[in-house]
**Q** 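If you scroll down you'll find the structure; I have some questions about it.
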Amino acid sequence: AQSVAQPEDQVNVAEGNPLTVKCTYSVSGNPYLFWYVQYPNRGLQFLLKYITGDNLVKGSYGFEAEFNKSQTSFHLKKPSALVSDSALYFCASFSGSARQLTFGSGTQLTVLP
Amino acid sequence: DTGVSQNPRHKITKRGQNVTFRCDPISEHNRLYWYRQTLGQGPEFLTYFQNEAQLEKSRLLSDRFSAERPKGSFSTLEIQRTEQGDSAMYLCASSSSTSVGEQYFGPGTRLTVT
């Protein structure tokens, strides 16, 4: 069974500061890991993914994520947060056989001006 | 490309009534997914279509739920004899056959069962 965990329900950060949203995973085989973002009244949007290759993956809107196999983590990062980054962020794993995404419970990011 | 659309956006129904939701995926996508999201939780997988074939169904999809994708284009999700526990946001997503996990989500249909 695949699962991802987001240990923080809420993350607050000041505008201009770096941000990190944490995710740990438990998957069998090679992990396929994703970050999605959900803005109010809008659908989930894909941010970035790790399939294989470099442990640091870059995505949309200046976000990046670091895959760490030894710590089974896939934390989302951004060097300088914007107020407009405030949203609900979901980590997810993908099961190739079942073709489904398994999402974490989400982390509400609030960037304070 | 107008994205994934879902109708209606909101539905309020009384317990015991049947409801049907529609999803129109991105036109060139042959894969379509339904998820359910309750407050404070991430989306939970319900079912998956490749073209018109329903290939995966979650245990969450009780026998009161049925999904179809008759011509491999739009899809419907029907809930019969709704219960208050069915109140949730129902999300539809689509992807291409070459995609590995990158899915495009619609805005969802929020169901409230009173």
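Please read all numbers here as calculations on a predicted model, not as lab measurements. Each chain gets a letter, A, B and so on, in the order its sequence line appears, and its residues count up from 1. These values consider heavy atoms only, across backbone and side chains, with no hydrogens, waters or symmetry-generated copies.
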**Q** Can you tell which of B:Met89, B:Glu44, B:Arg31 has the highest number of heavy-atom pairs within less than 4.5 Å of chain A?
**A**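 So the answer, after comparing B:Met89, B:Glu44, B:Arg31, is B:Arg31.
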
**Q** I need the residue from A:Phe34, A:Phe90, A:Phe103, A:Tyr32 with the largest number of non-hydrogen atom pairs under 4.5 Å to chain B.
**A**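 Top option by heavy-atom pairs under 4.5 Å: A:Phe103.
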
**Q** Name the member of B:Gly42, B:Gly108, B:Gly101 that forms the most heavy-atom pairs with chain A at distances under 4.5 Å.
**A**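 Greatest number of close heavy-atom pairs with chain A: B:Gly101.
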
**Q** Relative to chain A, which segment of B:Ser95 carries a heavy atom at a distance below 4.5 Å: side chain, backbone, both, or neither?
**A**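 Neither part; nothing is under 4.5 Å.
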
**Q** Please classify the contact of A:Ile51 with chain B as side chain, backbone, both or neither, using a heavy-atom distance under 4.5 Å.
**A**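 Side chain only.
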
**Q** Side chain, backbone, both or neither: which part of B:Arg110 has a heavy atom under 4.5 Å from chain A?
**A**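 Neither the backbone nor the side chain of B:Arg110 comes within 4.5 Å of chain A.
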
**Q** Apply salt bridge (Lys or Arg N to Asp or Glu O under 4.0 Å) to the pair A:Lys77 and A:Glu66, showing each step before the final yes or no.
**A** CA-CA 8 Å; A:Lys77 299 182 179 185; A:Glu66 186 172 10; 3.2 Å; yes

**Q** Does atom CD of B:Glu68 have more than 12 heavy-atom neighbours, drawn from other residues, nucleotides or ligands, at distances under 6.0 Å?
**A**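 Open: at most 12 neighbouring heavy atoms sit under 6.0 Å from CD of B:Glu68.
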
**Q** What verdict does the salt bridge (Lys or Arg N to Asp or Glu O under 4.0 Å) test give for B:Arg64 and B:Glu78, after you've listed the backbone C-alpha separation in whole Å, the side-chain angles of each residue and the deciding distance to 0.1 Å?
**A** CA-CA 8 Å; B:Arg64 295 186 297 107; B:Glu78 181 183 15; over 6 Å; no

**Q** Quick check on B:Gln37 against chain A: is it the side chain, the backbone, both or neither that has a heavy atom closer than 4.5 Å?
**A**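 Only the side chain of B:Gln37 comes within 4.5 Å of chain A.
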
**Q** Could you check whether A:Lys78 makes a cation-pi contact with A:Phe63, meaning its NZ or CZ is under 6.0 Å from the centre of the six-membered ring and within 45° of the ring axis?
**A**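 Yes, A:Lys78 and A:Phe63 form such a contact.
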
**Q** What part of A:Gln6 lies closer than 4.5 angstrom to a heavy atom of chain B: side chain, backbone, both or neither?
**A**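 Neither; nothing under 4.5 Å.
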
**Q** What residue, out of B:Gln6, B:Glu102, B:Gln41, has the most heavy-atom pairs lying under 4.5 Å from chain A?
**A**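 Most pairs with chain A among the choices: B:Glu102.
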
